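Residue numbering restarts at 1 for every chain, and letters A, B, ... go by the order of the sequence lines. Please read all numbers here as calculations on a predicted model, not as lab measurements.
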Amino acid sequence: MSTSPTYDPATIEPKWQEYWLTNKSFAAVDLDGSREKLYVLDMFPYPSGAGLHVGHPEGYTATDIFCRYKRMKGYNVLHTMGWDAFGLPAEQYAMQTNTHPSVTTQKNVDNFRRQIRAFGFSYDWDREINTTDPGYYKWTQWIFCQLYKKGLAYIDEVAVNWCPALGTVLANEEVINGRSERGDHPVIRKPMKQWMLKITAYAERLLADIDTVDWPEGIKEQQRNWIGKSIGGEVDFAVAGRSETIRVYTTRPDTLFGATYMVLSPEHELVATITTPEQRAAVVAYQEAAAKKSDLDRAEAKDKTGVFTGAYAINPVNGQQIPIWISDYVLISYGTGAIMAVPAHDTRDFAFAQTFGLPIICIMEPDAKAAEAEGVAVADVLAGKACWPGDGAMINSANAEVSLNGLPKAQAIDTIVAWLEKQGIGTKAVNYKLRDWLFSRQRYWGEPFPVAHMEDGSIKLLDEELPVLLPEMEEFAPSGTGESPLANAKDWLDYTDPATGMKGRRETNTMPQWAGSCWYYLRYIDPKNTEAGWESAKEKYWMPVDLYVGGAEHAVLHLLYARFWHKVLFDCGCVSTKEPFQRLVNQGMILGLSYKDARGALVPNDLVEERDGNFVHKDTGETLTEFPAKMSKSLRNVVNPDEIVARYGADAFRLYEMFMGPLTAMKPWQTKGVDGVYRFLHKAWRMIVGQDGELSPEISDAPMTAEQERLLHQTIQKVDEDTNNLSFNTAISQMMIFVNEFSKASQRNRAAIEAFVQLLAPYAPHMGEELWQLLGHGTSLTHEPYPVYDAAKTKASEVEIVVQVLGKPKARLMMPADAGTAAMEAIALADDKVQAALAGKSVVKVITVPGRLVNIVAK
RNA sequence: GCCCGGGUGGCGGAAUCGGCAGACGCAGCAGACUUAAAAUCUGCUGACCGAAAGGUCGUACGGGUUCAAGUCCCGUCCCGGGUACCA
């Protein structure tokens with residue numbers, strides 16, 4: 001079969017995509033014990049109406065290259081694609097156009113699939129999944145049932161963002177300054193019954209097992225911070241003249257002697273009880289004001305506010321009466337919702353005390369050096385005029401039974417906690433910032449909960465009737481009551497227990513989009529199983545995911561939620577590994593090319609034109625500078641991958657995305673840069689294919705020159721190692737060097753060319769297959785063994801050695817590659833240029849690095 | 001504020017067990033081929049001084065360690081991401 005004489009991606013790419021699909025070239029073989037398994041996972045996309053952007057194929061290309069490389073290395077590779085297809089945009093589109101979300105979703109999925117296939121990615125398409133498929137969400141619901149049975153799913157009254165004008169609940173990001181993003185209507189915080197998942201029960205394990213996975217350090221740190229473990233103590237304070245006690249959580253029990261007041265969260269249950277009649281009006285007003293504020297507003301408030309309750313607590317270490325205040329800087333959801341305030345040693349308490357003129361008593365002399373480094377005057381701290389949250393030596397901290405004076409922080413904590421425990425009024429305590437997971441959404445387009453609320457008030461788990469299907473509906477507008485549109489599905493809503501005949505009402509909330517993505521990596525293992533989510537033997541074979549590649553925007557939530565579900569499934573005996581994703585890599589964001597003016601303001605690309613090599617503002621004529629910025633519609637710097645593929649082909653697109661820079665780095669897209677890799681592909685083609693479209697006559701079995709052989713082995717080594725390390729940009733550089741050199745030669749050794757085609761194939765698979773076929777091979781190179789290099793042949797017998805005098809290069813001399821220290825020194829000292837540089841000096845010392853350099857130290 | 005990344009030519013980037021800074025590519029300049037253009041091929045391309053040979057400077061900035069620093073240490077500045085009253 002003859003081939004096009006010039007490189008024509010538009011012909012060869014569809015041909016090979018078709019071939020791979022019909023031959024199922026990338027089918028993963030379950031339970032194949034003859035090969036080592038490798039599970040490489042991409043974060044699956046939400047199929048939006050806008051189609052793929054250039055960021056999607058970045059990670060997908062990286063994993064594809066890695067998978068193709070590993071198949072040639074003999075691995076049984078599981079590599080899959082699917083659709084995270086529940087979500088808000090399809091539902092909003094449905095409201096506007098009355099198109100059923102499933103119709104929109106199907107259309108978008110088809111488009112995404114078409115785009116992804118056009119890149120030639122080596123997915124096992126027989127394992128494609130879709131989270132909106134009842135055959136899939138049956139098992140999402142099944143996992144919910146397991147959570148429920150273990151007591152990890154519960155209903156709670158939670159304040160949500162309720163917009164009366166829109167008749168719907170809004171997500172946090174849809175609320176701006178207490179008003180709805182759309183329509184600018186007021187939003188209030190309204191308690192509603194919501195499903196919660198008890199992720200906090202797994203806080204400790206989620207924290208501890210971070211240490212067992214191979215993830216970027218930054219992501220691991222973000223997860224640790226999110227879990228936010230702190231160790232401290234709880235202390236009971238009696239309320240003066242009453243029987244109640246108030247328990248506080250503190251990480252600094254050592255500062256107990258400095259507690260001069262106490263603050264309760266406005267939502268604290270004891271506020272109403274302890275508030276005195278004189279203060280009641282002010283307290284209630286403050287509570288009401290706090291309830292109206294969103295969490296964001298509360299967090300953004302810079303100035304401390306609060307109200308005195310009129311009540312006093314008794315500091316257990318010294319019997320002093322201290323006033324009890326309420327303030328929204330104390331959060332009900334953390335610790336006990338109450339704090340002891342130590343203004344001398346806590347910056348927030350200090351600010352509050354200063355605002356309201358509360359006493360500030362220093363009970364720790366700052367460490368002098370540390371105070372100086374922080375620019376804090378020790379005298380100010382001692383006088384209560386400055387705050388010192390650091391370490392130091394305790395002062396003024398003794399009663400008849402216990403003294404902390406002179407102790408450093410850590411010892412003081414141990415001492416006082418021991419005393420509190422003996423008194424029965426305190427204990428060591430651990431706290432986490434992590435909150436339970438709000439798991440309901442008031443939406444239609446999500447997984448229904450397999451739950452009915454029965455007339456006797458009980459909850460019936462419908463785990464015998466899975467999947468609980470979404471009802472067909474005509475209207476997707478909100479119900480108006482705060483419930484999801486499902487509340488309008490009258491026929492669906494009523495539930496009758498088939499066994500007892502008791503009536504009930506189905507749950508109208510649906511699950512959040514996170515649900516389907518929490519376990520999809522398990523479904524790929526056994527995607528067609530109707531008896532179970534996955535078969536245990538297959539799970540044991542394929543898990544864990546060996547490499548997971550995706551964007552850093554999922555650093556916390558998706559990865560933490562998935563880890564949580566995985567641990568629950570582990571406890572159920574449904575999975576065999578403690579962690580789902582052994583290794584994680586985040587691809588860097590691809591930025592668009594934009595322009596900014598002198599003030600630094602970004603200018604949309606359609607207002608920019610090039611004049612005499614400069615970029616100027618069309619209207620003002622101001623000279624602009626190039627500046628990378630996030631791709632956005634408003635800046636008109638979005639690159640459409642379809643256009644790039646149409647112009648250059650998928651192989652060039654893949655190659656460019658990998659050549660731009662390191663996978664993990666943020667990089668600006670420059671379409672001009674695609675020209676470089678496109679030329680490289682043309683050049684590689686011409687190196688192998690002659691004018692007539694047949695194999696170039698310059699390819700023969702004639703032996704390589706020594707230089708060619710060395711370059712071949714160096715290239716195999718570098719491409720092999722770099723591909724294995726995901727350093728694709730430098731692997732491509734090396735292949736360019738190979739092509740530049742071999743193109744010049746009139747004799748091109750056939751074996752060398754075949755090895756090159758195999759190295760190239762994971763990167764430019766369509767061209768790889770086409771050239772492989774042209775070289776006379778009947779079948780796909782997918783499972784051909786990867787080329788092997790000979791380390792001895794990567795090295796030249798003579799190498800150039802730099803000779804430095806006092807660290808400055810003075811000569812470059814050829815020396816035998818295996819020359820020893822003495823020989824190198826002798827050759828260096830014999831050189832004229834070196835001698836000239838040494839004139840008038842005496843040699844003090846000679847440093848030699850074999851194979852690299854000689855440095856002569858002289859006076 | 002705190003945590004995590006990162007600052008290298010006109011641009012993307014390469015080189016980190018300390019050992020020739022700028023591989024490879026883009027853009028630019030010059031030349032070959034061509035009636036011409038495109039494509040392709042060849043050469044040059046960090047800055048400064050110099051006719052040249054050559055020299056000086058140079059990896060955000062200021063110090064330090066070392067025969068030798070983009071790389072290690074101390075301090076500062078800037079950019080990006082995350083997070084935010086978590087007691």
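Pair assignment for C41(B) gives G31(B), based on Watson-Crick or G-U wobble hydrogen-bonding distances that are each under 3.5 Å. Base pairing annotation: A53(B) forms no Watson-Crick or G-U wobble pair, as no partner gives both donor-acceptor distances under 3.5 Å. Searching all strands for a Watson-Crick or G-U wobble partner of U65(B) with both distances below 3.5 Å returns nothing. Summarising the base pairing, A60(B) is matched to U76(B) through a Watson-Crick or G-U wobble pair whose two defining distances lie under 3.5 Å. With both pairing distances under 3.5 Å, A14(B) is matched to nothing as a Watson-Crick or G-U wobble pair.
Base contact: Arg435(A) has a heavy atom under 4.0 Å from a base atom. Note on Met735(A): nothing from the nucleic acid sits closer than 4.0 angstrom, heavy atoms only. Backbone-only contact: Lys744(A) has heavy atoms under 4.0 Å from sugar-phosphate atoms and none from a base. Heavy atoms of Asn740(A) sit under 4.0 angstrom from primed sugar atoms or phosphate atoms, though from no base atom. Looking at heavy-atom distances under 4.0 Å, Ser230(A) makes contact with sugar-phosphate atoms alone, never a base. Among the heavy atoms of the strands, none lies under 4.0 Å from Pro216(A). Nucleic acid contact class of Lys229(A) (heavy atoms, under 4.0 Å, all strands): none.
Atom name P, nucleotides C48(B) and A38(B): the rounded distance is 30 Å, in whole Å. Spacing between A23(B) and A30(B) at atom C1', rounded to whole Å, works out to 23 Å. Comparing the same atom, C1', in G50(B) and in A36(B) gives a spacing of 41 Å after rounding to whole Å. Taking atom C1' on both G58(B) and A21(B), the two are 9 Å apart, rounded to the nearest angstrom. If you take atom C1' in A15(B) and the same atom in A51(B), they sit 35 Å apart, rounded to whole Å. Spacing of P atoms, A37(B) relative to A32(B), comes out at 11 Å, to the nearest Å. Distance check on atom C1': A68(B) versus C29(B) gives 36 Å, rounded to whole Å. G70(B) and G18(B) have their C1' atoms separated by 11 Å, given to the nearest Å.
In this structure, Asp832(A) places its CG atom where only 12 or fewer heavy-atom neighbours from other residues, nucleotides or ligands lie under 6.0 Å away. Atom CZ of Arg852(A) is surrounded by 12 or fewer heavy atoms from other residues, nucleotides or ligands within 6.0 Å. The number of heavy atoms from other shown groups lying within 6.0 Å of NZ (Lys220(A)) is above 12.
Nearest-nucleotide mapping onto RNA chain B: of Asp675(A) and His682(A), the residue sitting toward the 5' end is Asp675(A). Closest-nucleotide positions on RNA chain B for Tyr334(A) and Gln670(A) were compared, and the one nearer the 5' end corresponds to Gln670(A).
Look at G50(B): its glycosidic torsion is beyond 90° from 0, and that puts it in the anti range.
A donor-acceptor distance shorter than 3.5 angstrom exists from the side chain of Arg563(A) to the backbone of Leu206(A), with no hydrogens or angles considered. With hydrogens and angles disregarded, no donor-acceptor distance shorter than 3.5 Å links the side chain of Arg812(A) to the backbone of Ile801(A).
Atom CZ of Arg654(A) is separated from atom P of G25(B) by 21 Å (rounded to the nearest Å). Between Leu557(A) atom CG and G82(B) atom C1' there is a gap of 12 Å when expressed in whole angstrom units. Between the P atom of G80(B) and the NZ atom of Lys596(A) lies a distance of 9 Å, rounded to the nearest Å. When the P atom of G82(B) is taken as reference, atom CD of Glu221(A) falls 17 Å away, rounded to whole Å. In this structure, Leu681(A) places its CG atom 13 Å from C1' of G25(B), rounding to the nearest Å. The distance between atom OH of Tyr261(A) and atom C1' of A87(B), rounded to the nearest whole Å, is 11 Å. Remark: P of G82(B) and CG of Asn586(A) are 12 Å apart, rounded to the nearest angstrom. Here the C1' atom of nucleotide G13(B) and the CE atom of Met660(A) are 11 Å apart, to the nearest Å.
Regarding contacts with the backbone of C41(B), a side-chain N or O of Lys683(A) is found under 4.0 angstrom from either OP1 or OP2. Regarding contacts with the backbone of C24(B), every side-chain N or O of Arg679(A) stays at 4.0 angstrom or more from both OP1 and OP2.
The distance between the ring centers of Phe756(A) and Trp685(A) does not fall below 6.0 angstrom. The distance between the ring centers of Tyr329(A) and Phe352(A) falls below 6.0 angstrom. Ring-centre distance between Trp437(A) and Tyr561(A): below the 6.0 Å cut-off.
Between Tyr7(A) and Tyr678(A), the ring-plane angle classifies as tilted under the 30° and 60° cut-offs.
Taking only distance into account, the side chain of Lys672(A) never meets the base of C11(B) through a donor-acceptor pair shorter than 3.5 Å.
The nucleotide whose nearest atom lies closest to any side-chain atom of Lys667(A) is, among C67(B), G13(B), C41(B), G13(B).
The side chain to side chain contact (heavy atoms under 4.5 Å, CB included) search around Ala764(A) returns Asp651(A), Leu681(A), Leu760(A), Met767(A), not counting sequence neighbours.
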Under 3.5 Å between N/O atoms: give me all the protein pairs with nucleotides 16-23 of chain B, atom names plus distance.
unit_1: G19(B); atom_1: N2; unit_2: Asn855(A); atom_2: ND2; d: 3.2
unit_1: C20(B); atom_1: O2; unit_2: Arg812(A); atom_2: NE; d: 2.8
unit_1: C20(B); atom_1: O2; unit_2: Arg812(A); atom_2: NH2; d: 3.0
unit_1: A23(B); atom_1: N1; unit_2: Ser733(A); atom_2: OG; d: 3.4

